[in-house]
Amino acid sequence: DAMGAWTPLSARTFYLFGAILNVGYLGLGTMYLLFSRQVARISLIITLLLTAYAVYSTFTVPLNLIALANTQEVDWKLLFSVDVAPRILAGVFSGVGSIVVIAGALWSAYIFWRKRIMKERMLGLILLAIGTFTVAFGGTLKGLLHKDDYLYTTIAIGVVLMFLGYLQTIRISVPK
């Protein structure tokens, strides 16, 4: 193996944490911020059960190892072409997690607007929602078009918007 080459273990681990779990857990955090303790706990139980299935599925499905031949870029669709369960889980976790984060940020912004308080935080939450949508949109385009052409640009723009939103919510002045 060449230095830095993908292995089945590194590809599976990267996919589990990068494509499947991360956004879902951000959504779970939003559930704890905005919903009752009971709803948040039910969400936690569902997330943990889906996580257990995601770990099992990602580490046991057969891989198409041809996808790992290019050491620069893995063709994830090809890698999980024998059993698509991990790819479906990535869509579920990312889709539901993104919707919860975006809706939670917009709902919180609406509450601040309605009460006419914390304008800086309201604007920051709107930026967080737009940034999250931008990243999710890039991932959706990648999934639909099976190309990375827009993915990295939308991730970069989305992350910048989220960071600016974060700065706005903690009242650090953002350069104009």
Side-chain angles (χ1 to χ4, degrees), residues 4 6-35 39-61 63 67-68 72-81 83-108 124-170:
W6 287 97
T7 65
L9 178 62
S10 66
R12 290 176 194 269
T13 303
F14 179 83
Y15 198 80
L16 176 67
F17 289 102
I20 299 175
L21 297 180
N22 64 9
V23 180
Y25 276 87
L26 289 172
L28 179 62
T30 301
M31 296 297 290
Y32 270 90
L33 288 171
L34 296 179
F35 289 89
V39 170
R41 283 186 183 147
I42 292 169
S43 299
L44 173 63
I45 291 166
I46 292 168
T47 302
L48 290 174
L49 290 172
L50 284 172
T51 298
Y53 178 66
V55 170
Y56 171 78
S57 173
T58 304
F59 284 93
T60 60
V61 299
L63 299 179
L68 298 179
Q72 297 299 312
E73 188 173 333
V74 174
D75 182 343
W76 300 103
K77 183 179 179 191
L78 179 61
L79 184 67
F80 292 108
S81 62
D83 185 336
V84 298
R87 291 180 33 230
I88 292 170
L89 287 163
V92 169
F93 269 85
S94 296
V96 173
S98 293
I99 289 167
V100 169
V101 169
I102 293 165
L106 290 175
W107 175 255
S108 296
L125 288 164
I126 291 169
L127 285 170
L128 285 166
I130 293 170
T132 303
F133 177 81
T134 303
V135 171
F137 182 71
T140 301
L141 277 179
K142 177 185 173 33
L144 292 174
L145 303 176
H146 308 296
K147 291 182 175 183
D148 288 342
D149 295 352
Y150 308 102
L151 179 66
Y152 303 113
T153 303
T154 56
I155 287 175
I157 292 168
V159 167
V160 167
L161 289 170
M162 287 186 274
F163 183 65
L164 292 173
Y166 165 73
L167 293 177
Q168 187 68 26
T169 63
I170 61 171

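- With V101 as reference, L26 is the one residue of L106, L28, L26 to meet the side-chain contact (heavy atoms from CB on, under 4.5 Å) rule.
- For the pair A40 and M31, the tightest heavy-atom approach, listed with the atom from each and the gap, is CB-O, 4.1 Å.
- Under the 4.5 Å side-chain criterion, counting only non-hydrogen atoms from C-beta, R12 is in contact with L63.
- Side-chain rings of W76 and F14 approach one another, their centers coming within less than 6.0 Å.
- Residue-environment remark: CZ (F133) stays at or below the threshold of 12 foreign heavy atoms within 6.0 Å.
- For Y25, the OH atom counts as densely surrounded, since its 6.0 Å shell holds more than 12 non-hydrogen atoms of other residues, nucleotides or ligands.
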Legend entry - Step-by-step side chain to side chain contact (heavy atoms under 4.5 Å, CB included) determination, T13 to F59: CA-CA 8 Å; T13 303; F59 284 93; 3.5 Å; yes

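- Atom CD1 in I155 sits 11.0 Å away from atom OG1 in T134 (nearest 0.5 Å).
- The two residues G131 and L161 make their nearest non-hydrogen contact at CA-CB, 3.7 Å.
- With sequence neighbours excluded, no residue forms a ring pair (Phe, Tyr, Trp, His ring centres under 6.0 Å) with Y32.
- Interatomic distance, CG of L16 versus OG of S57, reported as 9.5 Å (0.5 Å rounding).
- Residue V61 comes nearest to P86 through the heavy atom pair CG2-CG, 3.9 Å, listed as atom of the first residue, atom of the second, then distance.
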